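First up is the structure itself, then whatever we jot down about it.
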Amino acid sequence: MSGDESSQVIDLKNEGSVKRVIGIVSGKGGVGKSFVTSRLASIFAKKGYNSAVLDADITGPSIPRCFGMKEKAVAKEGIIQPVVSKGGVGVMSVNLLLDDESAPVVWRGPIIAGTVKQFWSEVDWKDIEYMFVDMPPGTGDVPLTVFQSLPVDGIIIVTSPQELVSMIVEKAVNMANAMEIPVLGIVENYSYIKCPDCGKIIYPFGEGKTDDVGLKYGIPVLSRLPMDNRIAEAMDKGLVEKLDMDVLVETADTIEFLLRNVDHSTDTVDYGETHKIAIAVDENEKMVGKLASAVKFVIADTKGRKILDRSYLEVKSVEEAVSLLKGEGVDMVISNGIDKKLRNLLSDNEIAVIPVLRGSVEDVLSNFLAGKYNKA
């Protein structure tokens with residue numbers, strides 16, 4: 001990779017704090033990345049979190065328009081103040097500094113990368129719990145700068161279901177893996193059209209392409225978004241916070257679930273007890289990114305910080321899996337892709353869930369025994 005070779009995470013100035021950083025990336029433009037970014041930030045604000053957006057798409061900034069922002073960012077005592085949306089989302093974007101938002105930003109790569117660093121370190125980010133970084137498409141200087149300079153907890157890849165999706169998504173996945181950044185999941189935009197008269201679902205680009213990539217890399221498909229003129233209208237009018245649709249709500253729940261172990265405020269595991277934990281894997285014993293895709297489970301009987309026994313359980317469906325896990329006496333499931341419905345089903349069967357972002361089965365077992373995980 002070319003560009004800034006430094007991998008030093010940059011500190012925030014002015015006693016700022018950002019607890020969780022999620023990058024929103026895409027392999028190509030025009031797939032709805034800015035919508036996903038602004039929508040997720042809005043949902044987390046409605047959940048009661050202090051949320052923010054760092055618009056790292058310097059040459060194609062659109063986040064301020066999504067929120068209908070007209071005012072400009074100002075500096076106080078040398079620190080840039082983010083503009084706050086009507087819904088309470090803090091935003092920093094180059095368009096909040098330009099006199100004319102339609103003026104082109106014709107800058108070279110190093111200047112753009114430097115601007116992204118400034119938007120992180122020299123903006124008054126105070127007590128931010130979830131920051132979403134809207135990155136430009138591709139795998140160039142800006143994503144590299146963000147991955148190296150910001151404490152990114154994970155990324156979400158936004159794509160469309162067209163034929164080139166596998167190659168484009170794989171490039172983004174491979175870059176994230178090279179930088180050791182967890183991929184939280186994939187959001188497929190322009191997935192389907194729902195007939196307003198009969199309710200029939202039509203898939204204009206076909207089905208399954210994104211699922212195939214997700215299965216290959218063990219990454220869950222978090223959401224499929226429709227082609228709906230209500231979304232386009234909300235974006236054009238700057239009303240993303242007022243969009244009356246449930247799109248990305250469950251994705252936000254999953255992100256919240258997956259990042260529970262970023263802080264340590266959840267219930268810790270009592271290692272004095274005996275536990276039976278299950279890890280979902282595929283046919284190659286690779287940890288799957290979606291529990292519903294599991295073909296078998298590695299089951300470990302533990303006491304204290306030792307494994308007493310280890311076995312395997314093959315399954316054919318999610319419903320069968322929960323029933324069999326309950327029958328085996330499993331009291332904890334470790335996974336990085338459990339949707340809300342399945343989490344509720346496990347909870348109803350008195351099976352706790354431990355969210356992790358990535359890792360091999362051996363690493364996950366080792367981290368569990370070392371006390372690094374918390375129960376959700």
Side-chain angles (χ1 to χ4, degrees), residues 7 147 151-155 170 173-186 213-220 254-255 257-264 266-316 318 320-322 324-339 342-343 346 351-376:
S7 59
F147 289 163
V152 180
D153 294 296
I155 68 168
E170 286 181 36
V173 171
N174 287 331
M175 181 177 188
N177 289 340
M179 303 301 296
E180 298 185 345
I181 303 294
V183 180
L184 303 180
I186 303 171
V213 177
L215 288 172
K216 179 177 179 179
Y217 288 96
I219 302 168
T254 301
I255 294 169
F257 164 77
L258 287 174
L259 296 183
R260 288 283 177 88
N261 278 310
V262 171
D263 61 17
H264 298 285
T266 48
D267 295 333
T268 56
V269 175
D270 182 353
Y271 288 92
E273 298 179 355
T274 298
H275 293 290
K276 202 164 193 176
I277 63 173
I279 303 172
V281 297
D282 61 18
E283 61 274 5
N284 298 315
E285 295 190 24
K286 179 181 177 183
M287 187 174 175
V288 296
K290 189 174 183 180
L291 190 60
S293 304
V295 297
K296 60 182 177 181
F297 289 83
V298 175
I299 298 179
D301 293 85
T302 69
K303 185 172 184 179
R305 298 183 185 273
K306 294 182 179 180
I307 296 177
L308 305 179
D309 191 22
R310 183 165 165 167
S311 60
Y312 294 90
L313 176 67
E314 295 188 0
V315 296
K316 295 180 180 179
V318 174
E320 180 192 58
V322 175
L324 290 175
L325 291 172
K326 178 70 174 178
E328 288 286 327
V330 169
D331 65 328
M332 294 183 184
V333 169
I334 300 178
S335 178
N336 63 345
I338 304 180
D339 62 35
L342 191 48
R343 294 201 302 272
L346 288 166
I351 299 175
V353 177
I354 297 177
V356 301
L357 295 183
R358 64 187 302 159
S360 66
V361 170
E362 300 307 324
D363 287 341
V364 167
L365 286 172
S366 176
N367 288 335
F368 175 82
L369 297 176
K372 294 183 179 180
Y373 296 147
N374 298 316
K375 294 185 289 184

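Computed from a predicted structure; not experimentally measured. Hydrogens, waters and symmetry mates are skipped; everything else that's a heavy atom, side chains included, is used.
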Tightest non-hydrogen contact, residues Val183 and Ala176, listed as CG2-CB, 3.8 Å
Test item: [X] and [Y] side chains (from C-beta on) under 4.5 Å apart, heavy atoms:
| X | Y | value |
| --- | --- | --- |
| Asn367 | Val356 | no |
| Tyr312 | Val281 | no |
| Ile354 | Val364 | no |

With rounding to the nearest 0.5 Å, note down the distance linking [atom1] in [X] to [atom2] in [Y].
| X | Y | atom1 | atom2 | answer |
| --- | --- | --- | --- | --- |
| Leu325 | Ile299 | CG | CD1 | 6.0 Å |
| His275 | Lys303 | NE2 | NZ | 11.5 Å |
| Ile277 | Arg310 | CD1 | CZ | 9.5 Å |
| Thr302 | Asp309 | OG1 | CG | 11.5 Å |
| Ile334 | Phe368 | CD1 | CZ | 5.5 Å |
| Leu184 | Ile255 | CG | CD1 | 6.5 Å |

Residues that [X] engages under salt bridge (Lys or Arg N to Asp or Glu O under 4.0 Å), provided they are two or more places apart:
| X | answer |
| --- | --- |
| Glu285 | Lys296 |
| Asp331 | none |
| Glu314 | none |

Let me see the working for Ile219 and Val213 under side chain to side chain contact (heavy atoms under 4.5 Å, CB included), right down to the final yes or no. CA-CA 8 Å; Ile219 302 168; Val213 177; over 6 Å; no
*Short question: side chain of Lys276, backbone of Glu328 - any donor-acceptor pair under 3.5 Å?*
yes
Residue set satisfying side chain to side chain contact (heavy atoms under 4.5 Å, CB included) with Ala321, at least two apart, ordered chain then number -> Phe297, Val315
Under the side chain to side chain contact (heavy atoms under 4.5 Å, CB included) test, which residues partner Ser360, sequence neighbours left out?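 Expected list: Glu362, Asp363.
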Step by step, work out the side chain to side chain contact (heavy atoms under 4.5 Å, CB included) result for Leu342 and Val322. CA-CA 9 Å; Leu342 191 48; Val322 175; 4.0 Å; yes
